Amino acid sequence: MTHSDRIETLLEENRTFPPSAEFVGQANLTDPQTYADANADPEGWWASWAEQLTWDEKWHTVSEWKPPYAKWFLGGKLNASVQCLDRHVDAGKGDQVAFHWEGEPGDRRTLTYADMLEGVGRVANGLKTLGIEKGDRVTLYMPMVPELAMAVLACSRIGAIFSVVFAGFSATSLKDRIQDQEAKLVICADGCWRRGKVLDLKTVVDEAVADCPSIKNVLLWRRGGELKTASNGISRDCEWSDMVETQDALCPPVLMDAEDPLFILYTSGTTGKPKGIVHTTGGYLTGALATTSLVFDLKPNEDVYWCTADIGWITGHSYIVFGPMAAGVTQVMYEGAPNHPKSDRFWELVERYKVSIFYTAPTAIRAFIKWGDEHPAAHDLSSLRLLGTVGEPINPEAWVWYHEHIGTEHCPIVDTWWQTETGGIMITPLPGITETIPGSAMKPFPGIEAKLLDEQGAEVVGAGGGYLVLSRPWPHMLRGLWNDPERYEETYWSRFPGFYFPGDGAKRDADGNLWILGRVDDVMNVSGHRLSTMEIESALVDHPAVAEAAVIGISHELKGQVPVGFVILRSSHESSPALAEELRKHVGTLIGGLARPEAIHFTPELPKTRSGKIMRRLLRDVAEGKHIGDTTTLADPGVLDGLRAEYEGNKG
Ligand code: WTA
C-alpha cells in the first residue's frame with residue numbers, strides 16, 4: 001500500500017467508540033471545557049499541575065520563552081526522587097506496592113514504596129562513595145529489574161545526570177554514548193534472561209568501556225538465581241553487594257533547580273550520530289505527572305498499572321519511572337519476552353496481578369494477533385479498565401482487535417503520539433471525554449498546540465494533510481541536545497522557523513482529529529523504535545567489503561518497518577549469500593540487533609540524482625514492487641532496471 005492509499009483507507013474509518021457511561025462515571029476528567037480553559041491560559045494550566053509536586057522552593061516565574069529555548073518554573077527547587085518516593089512514604093503509603101516484579105524464569109519480588117526509598121538511599125550513598133557529584137554523568141546499562149528504577153532515582157537524588165542505554169544496544173553504541181556524555185560511571189547488570197537464554201551484558205560493557213577514559217568505575221549488579229556469569233576481576237569494577245548493600249539507607253536529597261538537567265537520552269536522527277536529548281527537572285516532572293494522571297485516568301491507590309516498555313526508551317522514563325511513581329501507583333514490571341515460555345505470558349501476568357491499566361506498542365499487538373486469540377481468551381482479563389498504545393501508527397484492524405480481545409469491548413483505548421524530545425504524551429484521547437476512532441491519536445493534550453503546515457510553511461486550516469508542528473512551548477519539552485546547540489536548532493527549528501518540527505506527517509479530518517502518518521525524514525520506525533538510515537548505512541560502509549550503501553525502511557507485518565540494505569561492493573569482493581549474512585551481522589554488532597537489515601541486495605550501482613544524492617524513494621519503490629514514479633531527476637535511468645532484476649532474483 002502506498003502512503004496515499006493508506007491515508008485514504010484511514011480516513012474512511014468511521015467506527016467510533018464513545019467511553020461507556022460506567023467509565024465516564026468514575027473518570028478523573030470528563031469536562032471538555034478543560035481544553036478551552038487550558039489553551040486560553042497554558043501557563044496557569046501547567047502551573048496547576050506543577051503545584052501537585054512537592055517543591056522545596058516555589059518558582060517565581062512560570063515560563064520564559066527565548067526561541068528555541070524554553071525554561072519553566074524558574075527559581076523553583078525540588079528533587080525528582082522525592083516526588084517519586086519520599087512524599088508517598090511521608091503520606092503513609094510506604095507499605096503500598098511500588099513494583100510487582102517478575103523475572104522471565106518465573107522468580108518474583110514485591111517492592112513497596114518504602115523498599116524503593118531505602119534501596120534508592122543505599123544506591124545514592126554508594127554513588128557518593130564512588131565520587132559521583134551533582135552534574136556528573138552516569139550511564140545505566142541494565143535489564144528490566146527494579147534496580148534499574150532505583151539506579152535512575154538514586155542518580156536524581158544526588159543530582160547526577162543519568163543516561164539509560166537500552167541493554168540491546170551493542171558495545172559500539174554504548175561506547176559512543178558514554179564518550180559523548182563523558183560519563184564517570186557505568187551501572188550495569190551481569191546479564192538477564194531473554195527467551196530462555198542468558199544475555200551477557202557485562203562483556204558488552206567491558207568492551208565498550210575499554211575505549212572510554214572518562215569512566216572511573218563500573219558498578220555491577222548481579223541478576224542472581226540461575227544466572228551464572230560473568231567476566232570480572234577488572235580493577236575499576238565494584239560489586240553492588242559491597243558498594244550498595246552495605247550503605248546506610250538514608251540519603252538526603254540534593255536540592256535541584258527546576259531547570260537542572262535530569263537525564264540525557266539518545267535517539268536516532270537523520271545523520272549517523274545519535275542525538276543526546278536533554279530533559280530538565282521541574283517541567284519534565286510536571287508533564288509526566290499531568291499526562292499520566294489524565295491520559296491513563298490514573299487512580300494511584302486503586303490501579304495496578306503495567307507499561308510494557310523498557311526503561312531504556314523514553315516511554316519507560318516517563319511512564320514507568322517518573323509519571324507513575326510521582327503519582328504513587330502500583331506497577332507490574334516484567335524482565336523477559338512476551339512469548340516465553342508460552343505466548344500467553346502477558347495475559348498470565350495481567351490475571352495474576354489484576355492489572356487495570358495496560359500500555360503497550362502496536363508491534364506487540366500485531367504479534368499477539370499472530371499468536372492467536374486463544375492466548376488472551378485463556379485468562380481472566382476482567383481487571384483491565386483502560387488500554388494504551390504508543391510508538392507508531394496503529395492500524396485500525398489492530399486497534400479493533402486490541403479492543404475486542406484484550407479490552408473485552410469495554411476498555412477505552414488511548415493512542416498516544418509523542419517522542420523522546422517531547423518528554424510526554426502530546427496528542428491523545430482523554431478517556432473520559434473522547435469518542436475515539438481506531439487509527440487516530442485524536443487531539444492535542446490540553447495546553448498543547450499542534451498545527452499542520454504545507455511544504456512552504458503555510459498553515460493548513462481545517463481538513464487536510466501536512467507536516468505536523470508544535471507551535472507553543474510546553475514544560476516537558478527537550479532543552480536541547482547534549483553539547484550540540486547547532487544541531488538542536490537545525491534539526492527541530494530550521495525547517496519551519498518559529499515551530500518545533502517533530503519529523504512526522506499528519507492528516508486532520510473534518511472533525512479536527514489528527515491521524516499521524518509517520519516519519520517524513522530518513523528515520524524509520526522498527527518495532528516502535530527509531531533508527532536512522534544513515535546510521536545503518538555508516539555501519540555497512542564500515543565493513544571492508546563495502547564501497548557504498550543505501551538503506552531504506554520497508555513495511556513489515558509485525559515490526560511495522562524493517563531496514564533493507566542496497567550495497568555496492570569493492571571490486572576485490574564477490575557477492576554471496578554468506579557475505580550478505582556477514583553484513584547483516586556486522587550491523588547488528590555495531591548498532592544492536594534491532595538495526596540488523598532484513599535483507600541485503602548487492603548492486604553495481606545506486607539510483608542517484610545528477611548532484612549525486614541517493615534517491616531512496618526509488619529504492620523503496622523497487623523493494624515494494626511498485627510502479628516506479630518520476631525518474632526525470634535520475635542521472636542514469638538504466639540503473640533501476642538492473643536493480644529491479646537483482647531484487648526480483650534475490651527475493652525468493
Ligand atoms: C512515532 C516514542 C503514530 C512518531 C514515544 C514519532 C507514533 C516517533 C506514535 C517517536 C503514535 C510515536 N502514532 N506514530 N501513537 N507514537 N510515534 O522518540 O513517528 O522513540 O516521531 O518516542 O514514533 O519515537 P520515540
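One-based numbering, in listed order, for ligands and for the atoms of each. Because the structure is predicted, anything quoted here is derived from the model rather than measured.
Contacts with ligand 1 closer than 4.0 Å are made by heavy atoms of both the backbone and the side chain of Gln419. Neither the backbone nor the side chain of Ile427 has any atom closer than 4.0 Å to an atom of ligand 1 (non-hydrogen atoms only). Looking at Pro393 against ligand 1, both its backbone and its side chain come within 4.0 Å, counting heavy atoms. For Thr420, heavy-atom contacts with ligand 1 shorter than 4.0 Å involve the backbone as well as the side chain. At a heavy-atom cutoff of 4.0 Å, ligand 1 is contacted by the backbone of Thr416 but not by its side chain.
Looking at Tyr305 and Thr292, their side chains never bring a donor and an acceptor atom within 3.5 Å of each other. Side-chain contact check for Thr267 and Glu421: no donor-acceptor pair (N or O, by modelled atom type) lies under 3.5 Å. Looking only at atom types and distance, the side chain of Asp303 has a donor-acceptor partner in the side chain of Ser356 under 3.5 Å away. Side-chain contact check for Tyr266 and Thr420: no donor-acceptor pair (N or O, by modelled atom type) lies under 3.5 Å.
Looking only at protein heavy atoms, the nearest one to atom 24 (O) of ligand 1 is Arg530 CD, 3.1 Å. With hydrogens left out, the protein atom closest to atom 6 (C) of ligand 1 is Asp504 OD2, 3.3 Å, a heavy atom.
Contact between Trp418 and ligand 1 is present, with at least one heavy atom of the residue lying under 4.0 Å from the ligand. The closest approach between Gly391 and ligand 1 falls below 4.0 Å for a heavy atom of the residue.
Considering backbone and side-chain N/O of Asp415, one or more are found under 3.5 Å from N/O of ligand 1. For Thr267, no nitrogen or oxygen atom sits less than 3.5 Å from a nitrogen or oxygen atom of ligand 1, counting backbone and side chain alike.
Note: Glu392 CD to Asp504 CG = 11.5 Å, rounded to the nearest 0.5 Å.
Close contacts of ligand 1 with Ile516, meaning ligand atoms under 4.0 Å from a residue heavy atom, involve 3 (C), 14 (N). Listed by number with element, the atoms of ligand 1 under 4.0 angstrom from any heavy atom of Ile314 are 5 (C), 22 (O). Numbered from 1 in the order shown, with element, the atoms of ligand 1 that lie under 4.0 Å from a heavy atom of Asn525 read 1 (C), 23 (O). Atoms of ligand 1 lying under 4.0 Å from any heavy atom of Thr315, numbered from 1 in the order shown and given with element: 5 (C).
Panel note: side chain Ser440, backbone Leu514; a donor-acceptor pair is recorded below 3.5 Å. Looking only at distances, a side-chain donor or acceptor of Tyr488 sits under 3.5 Å from a matching main-chain atom of Pro68. Panel note: side chain Thr330, backbone Val304; no donor-acceptor pair is recorded below 3.5 Å.
Exactly one residue among Tyr319, Trp313, Phe445 makes a ring-ring contact (aromatic ring centres under 6.0 Å, His included) with Trp418. That residue is Tyr319. When each of Tyr500, Tyr69, Phe499 is paired with Trp493, the ring-ring contact (aromatic ring centres under 6.0 Å, His included) condition holds for Tyr500 and for no other.
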